[in-house]
Amino acid sequence: MAFPETVLETGPLILRPLSVADIPDVQAAASDPLTQQWLPLANPYTLEHATDWCTKAAPAVREEGRGITFAVADMATDRLVGAVSLAKTNWRSLSCEIGYWVAPWARGQGVAAAAARAVVTWVFDAQGFERVELKAATGNAASRRTALRAGFREEGVMRNAGVTHDGRVDLVLYSVIPADLSTRLH
């Protein structure tokens, strides 16, 4: 099983497959110090890394049934402003994990929360999933606020469960289930 290639729209954002045109913006965003602080990406994050992710790694995850990555772009300009991915997909339990990042030029505009809500709604309504998890480092206040704005509920702390460039970190586990849609996502 695999997620179908999909395009979603939410407000001024379009969520679509990554393209070759996104490579420079992916490289710039993944090289940003704040992105690097919380995501254990290659450092330095080169154009080669971005090219591989956009053209090989992200498409392979979808094709192999492990998840799906959406480029989050400004609908008016099609410029990349972030990404949202579903990963660790369990087709038997119909559950997965969501992750997101926002480019420095688009932070503070609600991009991640809007994109996450759109993907969660799609995976529940169109794909029949029953649970989506989200994990954020305890110190990543922005990501934790985004999780709540996107309709996730905090479940607890997973001690020593994450890795950053600075070492191991505790992660806060959040989740959302279909029953939450009417009360939390709309």
Side-chain angles (χ1 to χ4, degrees), residues 1-89 96-123 125-127 129 132-137 140 142-143 145-147 149-150 152 162-165:
M1 300 202 68
F3 290 115
E5 245 186 49
T6 302
V7 174
L8 305 172
E9 295 181 7
T10 180
L13 302 173
I14 185 165
L15 284 66
R16 56 166 175 72
L18 289 158
S19 76
V20 173
D22 297 321
I23 292 170
D25 284 336
V26 166
Q27 192 268 330
S31 296
D32 176 71
L34 190 57
T35 304
Q36 284 280 329
Q37 180 179 358
W38 299 114
L39 297 178
L41 302 170
N43 188 5
Y45 194 90
T46 65
L47 208 52
E48 185 177 317
H49 290 116
T51 300
D52 182 70
W53 188 63
C54 290
T55 64
K56 295 177 188 163
V61 167
R62 188 193 68 75
E63 291 161 6
E64 295 166 7
R66 295 182 285 130
I68 188 170
T69 295
F70 292 91
V72 181
D74 178 276
M75 193 174 300
T77 65
D78 202 39
R79 183 175 187 197
L80 184 85
V81 295
V84 61
S85 299
L86 297 178
K88 299 181 182 173
T89 303
C96 58
E97 184 176 323
I98 193 169
Y100 44 75
W101 57 260
V102 176
W105 52 88
R107 290 187 184 134
Q109 300 172 29
V111 167
R117 279 192 303 270
V119 171
V120 164
T121 300
W122 170 76
V123 81
D125 292 350
Q127 302 301 309
F129 270 56
V132 178
E133 293 182 354
L134 185 154
K135 297 171 185 165
N140 190 344
S143 188
R145 282 191 305 272
T146 295
R149 286 185 188 127
F152 286 78
V163 177
T164 68
H165 291 295

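A quick note: this is a predicted structure, and the numbers were derived from the prediction, not measured. In what follows, every heavy atom counts, from backbone to side chain, and hydrogens, waters and symmetry copies are set aside.
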**Request:** Verify side-chain contact (heavy atoms from CB on, under 4.5 Å) between L15 and V84, making sure each step is shown before the conclusion.
**Result:** CA-CA 8 Å; L15 284 66; V84 61; 3.8 Å; yes
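Exactly one of T46, T51, D52 qualifies for a side-chain hydrogen bond (donor to acceptor under 3.5 Å, both in side chains) with H49. That residue is T46.
Ring geometry for F129 against F3 counts as tilted: the plane angle lies between 30° and 60°, on a 0 to 90° scale.
To the nearest 0.5 Å, atom CD1 of residue I98 and atom NZ of residue K135 are 13.5 Å apart. To the nearest 0.5 Å, atom CG of residue L18 and atom NZ of residue K56 are 14.5 Å apart. Separation of atoms CH2 (W101) and CG (L39) is listed at 9.5 Å; rounding is to 0.5 Å. For the atom pair CG (L13) and CG (D74), the distance works out to 7.0 Å, reported to the nearest 0.5 Å.
Residues F152 and V132 meet the side-chain proximity criterion, which asks for heavy atoms closer than 4.5 Å. Two residues are said to be in side-chain contact when any heavy atoms from C-beta on lie closer than 4.5 Å; V7 and P17 meet this criterion. Between D22 and R16, the closest side-chain pair of non-hydrogen atoms falls below 4.5 Å. Annotation: side chain of H165 is in contact with side chain of N43 (closest heavy-atom distance under 4.5 Å). Contact annotation: the side chain of L86 approaches that of V123 to within less than 4.5 Å [non-hydrogen atoms, C-beta and beyond].
Nearest heavy-atom pair, D25 versus W105, reported as atom, atom and distance to 0.1 Å: O-CH2, 3.6 Å. The minimum heavy-atom distance between I68 and P4, with the atom names listed, is CD1-O, 3.6 Å. Here the shortest heavy-atom pairing between A106 and V81 reads CB-CB, 3.5 Å. Smallest separation of non-hydrogen atoms from A147 and Y100: N-OH, 3.4 Å. Across R149 and R117, no two heavy atoms sit closer than the pair O-NH1, 2.9 Å. Taking each heavy atom of T89 and G65 in turn, the nearest pair found is CB-O, 3.9 Å.
Here the side chain of Q36 pairs a donor or acceptor atom with the backbone of A30 at under 3.5 angstrom. Listed for the Q27 side chain is a donor-acceptor partner under 3.5 Å among the backbone atoms of Y45. With hydrogens and angles disregarded, no donor-acceptor distance shorter than 3.5 Å links the side chain of S85 to the backbone of A87.
Enclosure of atom CD in Q37 by more than 12 non-hydrogen atoms of other residues, nucleotides or ligands within 6.0 angstrom is indicated.
Take D32 and apply the side-chain contact (heavy atoms from CB on, under 4.5 Å) test, not counting sequence neighbours, and it matches L34, T35, P104, R107.
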